[in-house]
Amino acid sequence: MTTTQPTRTSRWTPSTLRTGPSKADRGFLGHPRGLPWMLNVEMWERFSYYGMRAILLFFITDEIANGGLGISPNTGQTILAVYGAAVFLLSIPGGIFADRVIGPWRSTFYGGIVIMAGHICLSIPIDSLAWAGIVLVAVGTGFIKPNLSTIVGGLYDQGDPRRDTGFQLFYMSINVGAFASPLVTGWLREHYGYHAGFSAAAIGMAFALIAFVYGRSKLSAFAFDVPNPLDAEDRNKLLLISLSSAAGIVFVAWALYLLLGTWPDAIAYTIFVIALGASIAYFVIMFRSPKVTSPERTHLRAYISLWIGAVLFWMIYEQASGKMATFSKDFTDGKTPFGWVISPEAYQSVNPAVIVLLAPLVGWFFSRRTGQRIPTVIKFATAVLIISVSALMLGYGFQSWTGGTNLAPWWFLALVFVVQTVGELFLSPVGLSTTTALAPKSFASQAMVLWLLASATGQGLAAVVIANTEEISDATYYYGLGAVTIVVAVAIFAAAPWTQRQMADVDASGPAR
C-alpha cells in the first residue's frame, strides 16, 4: 500500500491511465498521447494570462467615464509590478500544495477554475469585483505555474530522449498563446470595452480547462500522485505555519501602511520584503545545511552573482505591461507605412513572435561560435548588458517623444522589445539549466523556487522604485535604471573568470574539447 493511493482512487483519477513505460507511448507524432492536450492547456492558459495583462494597466488607469478605474498611471504601474511579483511568490504555496496535499493535476485544475473566476469578475463592470478578479487571477496562476510543466515532465520517464523536444513544443505553445491574446483582447477592448476583453480571457481559460479534463485519461499516474503527503503532525505544522505567515504578512502590510500612508506603497514594499527575505532565507538555509557539501557551497557562491543579475534583468524586462505599455499608448504613433495601425496592446505580441523566430538562431550561435561554447556567466552578463541597453533606449524614447503630437514612430518600441527578447534568450533557458546544475542535491526543488524568486524580487523592487519615483520623469527613471544595470553587468563580466572557476566542474559551456 502506497501513501499516494488515496489520490489515485479519487473521483478525478481516470481508470485508463498509462501504466507502461513512456517510450511505448507514441500516440502524438511519436510523443505521449497526453502531450497535445497539455499543449492546448498551456496555450489557452497563456492566452488567458497575457490577454488579461495586455489591457490591465489601461483598465486601471483609464477614466471612470471610459470604463476604467481612474487610478493614476504611476500607481497603476506599481500595481502591475506588484501583481507580477505576487504571481511568482504564489507559485511557492502552489508547489507545496501539489507536493503535499492533492497532487499536480488537481492543483492545476483548481488553479484554472480560480483564474477563470477572476476573469469573470473582471468582465463585470463593478469596481470591487475588478480588484477581487485581479487577486483571483494571481492566486490561480500561482497554482498552475509550477505544476503544469511538472505534469508535462511526468509524461516522460527518466532517460526518455524525447523529453527535450516535448518541452520545446510546450514552449512553442506558450508563445502561440502569448502572441495571439494581446491582439484579440486589444481588438475587443477597442471595439467593445475592457470587460469584453476580460471575457475573452475567461473563455480562453474555459477552453484550457476543457482540454485539461478531457486529456486526463491520457496521462500517467504521476500527474495524480501526492509525492510527499502530509501526515497528521505535518498537517498541523503546515496549518500553523500558513496561519502565522498570513498573520505576519497582514501585520507588515498594515505597519507599512501606517508608515507610508497609502495602500499601494505599503503592498509594494510588503511584496518586495517577502520576495527578498525568502530569497535570502533560501540562500542561508542552503549554505548552513549539513546536507550541502563543500563543492556545492562553492557552486552556490558562484550562483549569487548570477541571481543578482537575473533580479535586475527581470526588473526591467517585466515592465512590458507597465511603463512600456504606457509608452505604447501615450507616446507612440502606431501608424505604419503599410496602411495598418498597431494597437497599444499589439506591442506585447512582439516578444513571443521574436522568440519563435530567433530562438533557433540564438541556440545555433551558442553551440557553433567558432568551435567555442560561451561560458554560462558570460551569457548572463551579456543578458544583463542587453537589458540595460533597452532601458537606455526607453530613457531616450521618453525624453525624445513627450506625447500629444510628438509621438515615437511605430517601429521604435517594437525595436526595444526585440532587444529585450534577445536578452531573454541569453538568460532565461540558461538560467533554468544553470540553476539545476548548481543546486545542491538535497535542495534541488528549493533552488528552482529561488530562480522564480529572482523574478519576484525584481518585480517587487520595480514596484518599490516606481512608487518612489513619481516626481521624476520616466526618462530619468530609465536612464538611472540603465546606468545601475550596466555597472552590475560590468561587475559580472569582471568576476566572470572567478565565477566560472567555481562552477567549472558542472558547467558544460566552457571551451569545446
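By convention here, the first residue in the shown sequence is residue 1.
- Ring geometry, Phe338 versus Trp410: the interplanar angle exceeds 60°, so the pair is classed perpendicular (tilted spans 30 to 60°).
- The ring-ring contact (aromatic ring centres under 6.0 Å, His included) test applied to Phe47 returns Trp44, not counting sequence neighbours.
- Annotation: ring-ring contact (aromatic ring centres under 6.0 Å, His included) contacts of Trp187 (sequence neighbours excluded): His191, Tyr192.
- Remark: Phe207 CZ is loosely packed, at most 12 non-hydrogen atoms of other residues, nucleotides or ligands lying under 6.0 Å away.
- Neither side chain, Asn351 nor Tyr50, offers a donor N or O lying under 3.5 Å from an acceptor on the other.
- Taking Phe143 as the reference, Phe97 meet the ring-ring contact (aromatic ring centres under 6.0 Å, His included) condition, with sequence neighbours excluded.
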Worked check of salt bridge (Lys or Arg N to Asp or Glu O under 4.0 Å) between Glu318 and Arg53: CA-CA 11 Å; Glu318 289 291 354; Arg53 200 177 79 149; 3.1 Å; yes

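- Taking the salt bridge (charged side-chain N to carboxylate O under 4.0 Å, His left out) definition, one finds that Glu424 meets it with nothing, sequence neighbours left out.
- Looking at Glu45 and Lys145, no side-chain N of the basic residue comes within less than 4.0 Å of a carboxylate O on the acidic one, giving no salt bridge.
- Counted by atom type alone, Ser199 and His119 present zero donor-acceptor pairs between their side chains at under 3.5 Å.
- Ring centroids of Trp37 and Phe212 are separated by 6.0 Å or more, keeping the two rings apart.
- For the pair Arg106 and Phe109, the NZ or CZ position fails the cation-pi test of under 6.0 Å to the six-membered ring centre and within 45 degrees of the ring normal.
- Scanning for ring-ring contact (aromatic ring centres under 6.0 Å, His included) contacts around Tyr194 gives Phe59, with sequence neighbours left out.
- Outside the 6.0 Å centre-distance limit, the rings of Phe88 and Trp314 are not counted as a close aromatic pair.
- The salt bridge (charged side-chain N to carboxylate O under 4.0 Å, His left out) test applied to Asp62 returns no partner, not counting sequence neighbours.
- The heavy-atom pair separating Leu136 from Val114 by the smallest distance is O-CG1, 3.2 Å.
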